[in-house]
Protein chains: 2
Amino acid sequence: MKSNQTENNLPEPTKAELEILQVLWEFGPSTVRFVNDKLNGQREVNYTSTLKQMQILTEKGILKRDESQMKHIYIPVEAEEKTKVQLLDRFVNTLYKGSASQLMMQLLGNEKTSKQEIEEIKRLLDSMD
Amino acid sequence: MKSNQTENNLPEPTKAELEILQVLWEFGPSTVRFVNDKLNGQREVNYTSTLKQMQILTEKGILKRDESQMKHIYIPVEAEEKTKVQLLDRFVNTLYKGSASQLMMQLLGNEKTSKQEIEEIKRLLDSMD
DNA sequence: TGTATCGTACGAAAAACATCGTACCTTTGG
DNA sequence: CCAAAGGTACGATGTTTTTCGTACGATACA
């Protein structure tokens, strides 16, 4: 029954950084222009702000980039799954003292979790043995 | 359709604020001194830092306080459950596009989620019908 | 070939968060 | 009554995160 510290390689992405990661996860390796356009679909951001963020992300080692063209292509270093698992782990540890079942109870008790979702989860569990 | 006219949207607590909330959740309404002592069990914090944070939390409406005594007693406005549900909800939406079962899959795939936890979850689900 | 357009680099301002020092008030005990 | 101990208030400062202006190089094309 351990809920140890996450053996954390990479620094935790900030909120703004996460937004960018999600675009890259959804659409694959992209230019700053592309990411910025997507972000602007949600809220107003200046191009250079996004550029800066992505440069920082790269400094931190969260993104890498292909500079062979003038329009640099940015790519997440870690797979979406791995990063999300890390974030989830931290979340569970912080809010639920590492107890996944505790978290589950809240998900199941949440009205926003649909019957369909619950059925999905059940099937998942049954298929695990 | 849910009956909820004022979908209570309190500002998201910051990291430092969450630490304080957790103490209050665990030990109930407390003085700054008490909370600060608890925090100092984990890391060094100056008394006035904790005081300030708790004052800010109060300004934000996340805590309220009983000022009838010199030693003010601080109390979370919302129940632990409610706040956690809110945070969880935000988490699921942000990282899993609202899909609880997606999140589940990761929890179950996570080695840190013990067999025991999984059994716990199964029992939970079965007892739900 | 000149100029408008689109790109990167990067410092610095702005905003959000966190910490602390100091002033000052109340209570307590000798 | 006075000093020590312990409380609150709050501005100032430090840090991190976010945003943006400006400089300047490459590209496109009229």
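In this entry the distance linking OH of A:Tyr47 with C1' of C:dT5 reads 12 Å, nearest Å. Following rounding to the nearest Å, B:His72 (NE2) and D:dA9 (C1') show an atom-to-atom distance of 10 Å. As a whole-Å value, the separation of A:Phe34 CZ from C:dG7 C1' is 17 Å. To the nearest angstrom, C1' of D:dT17 lies 14 Å from CG of A:Leu18. In this structure, B:Met70 places its CE atom 14 Å from P of D:dA5, rounding to the nearest Å. The CG-C1' distance, from B:Leu51 to C:dC24, rounds to 14 Å in whole Å. In this structure, A:Ile73 places its CD1 atom 9 Å from P of C:dT8, rounding to the nearest Å. What separates CG of B:Asn36 from C1' of D:dG7 is a distance of 13 Å, to the nearest Å.
In this structure, B:Phe27 and B:Phe34 have perpendicular ring planes: the angle between them is above 60°, well past the 30° mark.
In the hydrophobic clustering of ILVMFWY residues, with side-chain heavy atoms under 4.5 Å counting as a link, B:Leu21 and B:Ile56 come out apart. Taking hydrophobic clusters as Ile, Leu, Val, Met, Phe, Trp and Tyr residues chained together by side-chain heavy-atom distances below 4.5 Å, A:Leu107 does not share a cluster with B:Val85.
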Take nucleotides 14-20 of chain C nucleotide by nucleotide from the 5' end and write B, S or -, depending on whether a protein heavy atom sits under 4.0 Å from the base, only from the sugar-phosphate, or from neither. ---SSBB
Step-by-step side chain to side chain contact (heavy atoms under 4.5 Å, CB included) determination, A:Ile20 to A:Met54: CA-CA 8 Å; A:Ile20 289 170; A:Met54 293 176 76; 3.8 Å; yes
Before you tell me yes or no, could you show the steps for A:Glu78 and A:Gln86 under side chain to side chain donor-acceptor pair (under 3.5 Å), namely the whole-Å CA-CA distance, both residues' side-chain angles and the distance that decides it to 0.1 Å? CA-CA 11 Å; A:Glu78 300 291 355; A:Gln86 232 170 249; over 6 Å; no
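The minimum heavy-atom distance linking A:Pro29 with A:Ile73 is given by the pair CB-CG2, 3.6 Å. Minimum heavy-atom separation, A:Lys84 to A:Glu80: NZ-OE2, 2.7 Å.
Put simply, A:Arg65 has no side-chain N or O that comes within less than 4.0 Å of OP1 or OP2 on C:dG7. Listed pair A:Arg33 / C:dC6 fails the phosphate criterion, with no side-chain N or O lying under 4.0 Å from OP1 or OP2.
At a threshold of 4.0 Å, the pair A:Lys15-A:Glu19 does not count as salt-bridged, since none of the basic side-chain nitrogens sits closer than that to a carboxylate oxygen. Salt-bridge check for A:Glu26 with A:Lys38: failed, with every basic side-chain N at 4.0 Å or more from each acidic carboxylate O.
Among the protein residues, B:Gln55 comes within range of the nucleic acid bases, having at least one heavy atom under 4.0 Å from a base atom.
Remark on the helix from C:dT1-D:dA30 to C:dG30-D:dC1: inter-end axis angle 20°, axes from five-pair C1' superpositions, rounded to 10°.
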